[in-house]
Amino acid sequence: MKFSSGWTAGPAFDDQALSVEVAGSVPSAADAQQVAEILFGGGWRVRKQSWTEFEAEHTYARLSMLPLEPVIFTGEIAITGIIELIETFGRIGHRCTIELYDPDSGELLAERPTGPYPSTEPTAGPAR
């Protein structure tokens, strides 16, 4: 998908919600463009911030994706939207890390690596 500097269709961030600063990474993503495409596919509105950086919004979060190794994101997220963000990546098999910071003090509130969303496929037992 090709993004421009204008927003795609989608819900804007509700900056009135109780939110915290968030940072994280998506180690399984190829680049920031792929993370933007994942979010766009999850119903987010997306725009290009620069040649290699993207911004995405949903009612519960506003994130910037940076083209580092691994791809990182920073921004703000409503407390109630944290699980939704993790599930957006997990539904298509990507894992991410999440760090939440107090917006006033900058203190790290929580840090969590997250795995892919649980598969509904049955798994085989251990080989004998």
Colleague: Restricting to non-hydrogen atoms, name the atom on G42 and the atom on T88 that form the minimum distance, rounded to 0.1 Å.
Modeller: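 Scanning both residues, the minimum pair turns out to be CA-CG2, 4.4 Å.
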
Colleague: Show the atom names and distances, to 0.1 Å, of all donor-acceptor pairs under 3.5 Å that link a side chain in residues 63-77 to residues at least two apart or in another chain.
Modeller:
{"residue": "S64", "atom": "OG", "partner": "Q49", "partner atom": "OE1", "Å": "3.3"}
{"residue": "S64", "atom": "OG", "partner": "Q49", "partner atom": "NE2", "Å": "3.4"}
{"residue": "E76", "atom": "OE1", "partner": "S19", "partner atom": "OG", "Å": "3.3"}

Colleague: Checking S28 now: which residues fulfil side-chain hydrogen bond (donor to acceptor under 3.5 Å, both in side chains) with it, not counting sequence neighbours?
Modeller: H94

Colleague: Report yes or no: does S5 contribute a side-chain atom to a donor-acceptor pair with the main-chain N or O of K48 at less than 3.5 Å?
Modeller: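 No; zero donor-acceptor contacts below 3.5 Å.
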
Colleague: Sorted by first residue and then second, give each salt bridge (Lys or Arg N to Asp or Glu O under 4.0 Å) pair with at least one member in residues 8-26; sequence neighbours left out.
Modeller: none

Colleague: Please answer: with hydrophobic residues joined when any side-chain heavy atoms are less than 4.5 Å apart, are V35 and I92 in the same cluster?
Modeller: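 Yes; I92 is reachable from V35 via cluster members.
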
Colleague: Less than 6.0 Å separating the ring centroids of F40 and F3?
Modeller: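 Ring centroids of F40 and F3 are less than 6.0 Å from each other.
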
Colleague: For E55, what residues pass the salt bridge (charged side-chain N to carboxylate O under 4.0 Å, His left out) criterion, not counting sequence neighbours?
Modeller: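 E55 satisfies salt bridge (charged side-chain N to carboxylate O under 4.0 Å, His left out) with R47 once adjacent residues are dropped.
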
Colleague: Looking only at non-hydrogen atoms, find the nearest pair between I98 and L100 and report the distance.
Modeller: CG2-CD2, 3.8 Å

Colleague: For a quick test of reading the model, state the closest non-hydrogen atom pair linking A23 to Y101 and the distance between them.
Modeller: CB-CE1, 4.1 Å

Colleague: Working note: D102 + V20, criterion side chain to side chain contact (heavy atoms under 4.5 Å, CB included); need CA distance, chi angles, decisive distance, verdict.
Modeller: CA-CA 6 Å; D102 182 288; V20 294; over 6 Å; no

Colleague: Do the non-hydrogen side-chain atoms of F89 and I38 ever get within less than 4.5 Å of each other?
Modeller: yes

Colleague: Is a side-chain donor or acceptor of Q33 paired with a backbone partner of M1 at a separation under 3.5 angstrom?
Modeller: yes

Colleague: Just to verify, what does S25 make a side-chain hydrogen bond (donor to acceptor under 3.5 Å, both in side chains) with, not counting sequence neighbours?
Modeller: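 S25 satisfies side-chain hydrogen bond (donor to acceptor under 3.5 Å, both in side chains) with T97 only.
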
Colleague: Are W7 and F13 co-members of a hydrophobic cluster defined by side-chain heavy atoms under 4.5 Å apart?
Modeller: no

Colleague: Restricting to non-hydrogen atoms, name the atom on V26 and the atom on R95 that form the minimum distance, rounded to 0.1 Å.
Modeller: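 Minimum heavy-atom contact is CG1-O, 3.6 Å.
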
Colleague: Aromatic contact between Y60 and W44, with the criterion being ring centroids under 6.0 Å apart: yes or no?
Modeller: yes

Colleague: As an exercise, state the distance from CG of L39 to NE2 of H58, rounded to the nearest 0.5 Å.
Modeller: 9.5 Å

Colleague: Which residues satisfy the side-chain hydrogen bond (donor to acceptor under 3.5 Å, both in side chains) test with R62, sequence neighbours excluded?
Modeller: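 Here no residue qualifies.
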
Colleague: Which atom pair, heavy atoms only, marks the closest approach of L108 to E111?
Modeller: CD2-OE1, 3.8 Å

